[in-house]
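Below is one structure, written out as structure tokens, with a few remarks after it.
Every number for a ligand or one of its atoms is a count from 1 in the order of the listing.
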Amino acid sequence: MVMFVSLHMLRVFLTGAYKPPRELNWIVGVILLVFTMLSSFTGYLLPWDQLAYWGVTIGCSMGENAPLFGAKGPFALLEPGKDVNSILVGGTAVGQPTLLRFYLLHAIALPLGIAGLMGFHFWRIRRAGGVSGPL
Ligand code: HEM
């Protein structure tokens with residue numbers, strides 16, 4: 001899915017199909033790309049083995065260094081244990097709450113979000129009179 005979404009984005013870019021009246025569909029596409037990558041990240045924890053555990057520990061702990069919302073990042077606003085890393089893992093370390101929220105994100109929230117945005121994406125293509133023609 002990541003490969004095909006990337007190929008699709010490359011095709012849209014190379015054919016200039018992001019230009020008016022299709023700018024909004026490019027923006028919707030960027031959100032779809034982010035949701036696709038979040039599906040990869042949340043799905044990575046689900047085997048619940050050592051690779052998954054430590055991969056997600058590292059991935060989420062990067063949030064600690066995020067500007068403003070990471071407890072160790074520049075201009076940190078939030079305290080340790082209440083920053084973006086703790087929100088992602090649902091505690092101070094990856095555990096059962098992390099598995100539950102990643103599973104729900106992976107199996108319910110992200111697919112519903114992707115399906116809804118795909119509907120909007122396709123509706124916008126119809127509104128623009130179909131896919132753009134050759135350059
Ligand atoms: C789950 C991810 C996505 C799905 C299922 C999806 C699906 C589609 C489909 C079926 C079309 C019409 C056929 C085509 O032009 O190839 C389309 C068009 C388009 N997509 Fe996506 N897309 C996704 C992600 C993206 C991304 C990442 C971008 C760019 C950031 C993007 C931007 C566009 C634009 C601008 C069009 C209109 C192209 C035109 O009218 O020629 N889409 N999308």
Sorted by first residue and then second, give each side-chain hydrogen bond (donor to acceptor under 3.5 Å, both in side chains) pair with at least one member in residues 89-112; sequence neighbours left out.
->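 Every side-chain hydrogen bond (donor to acceptor under 3.5 Å, both in side chains) pair that includes a residue of residues 89-112, provided the two are not neighbours, is T42-H106.
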
Give me the residue, atom name and distance of the protein heavy atom closest to [atom].
atom	answer
atom 40 (O) of ligand 1	R22 NH1, 2.7 Å
atom 41 (O) of ligand 1	S132 OG, 2.5 Å
atom 15 (O) of ligand 1	R11 NH2, 2.3 Å
atom 13 (C) of ligand 1	V131 CG1, 3.5 Å
atom 29 (C) of ligand 1	W26 CE3, 3.5 Å

Do side-chain atoms of Y53 reach the backbone of L45 as a donor and acceptor pair under 3.5 angstrom?
->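 No.
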
Ignoring hydrogens and angles, tell me if any N or O in the side chain of N65 forms a donor-acceptor pair with the backbone of G73 under 3.5 Å.
->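 Between the backbone of G73 and the side chain of N65 there is no qualifying donor-acceptor contact (under 3.5 Å).
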
Qualifying salt bridge (Lys or Arg N to Asp or Glu O under 4.0 Å) pairs, either residue in residues 6-16, two or more places apart |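 Listed by first then second residue: nothing to list.
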
Quick one: salt bridge (Lys or Arg N to Asp or Glu O under 4.0 Å) pairs with a partner in residues 82-100, sequence neighbours left out?
->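 Only E79-K82 qualify under salt bridge (Lys or Arg N to Asp or Glu O under 4.0 Å).
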
May I ask whether F122 has any heavy atom positioned less than 4.0 angstrom from an atom of ligand 1?
->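 Heavy atoms of F122 do come under 4.0 Å of ligand 1.
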
Does ligand 1 have an atom that lies less than 4.0 angstrom from a heavy atom of R124?
->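 No, R124 has no heavy atoms under 4.0 Å from ligand 1.
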
Once the angle between the rings of Y18 and F13 is folded into 0 to 90°, is it parallel (under 30°), tilted (30 to 60°) or perpendicular (over 60°)?
->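 Y18 and F13: parallel rings.
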
For atom 21 (Fe) of ligand 1, check which protein N, O or S atoms are under 2.8 Å away and list them.
->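 As for protein N, O or S atoms lying under 2.8 Å from atom 21 (Fe) of ligand 1, they are H8 NE2, H121 NE2.
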
Tell me, with the steps shown, if Y44 and F102 meet ring pair (Phe, Tyr, Trp, His ring centres under 6.0 Å).
-> CA-CA 9 Å; Y44 197 74; F102 274 46; over 10 Å; no

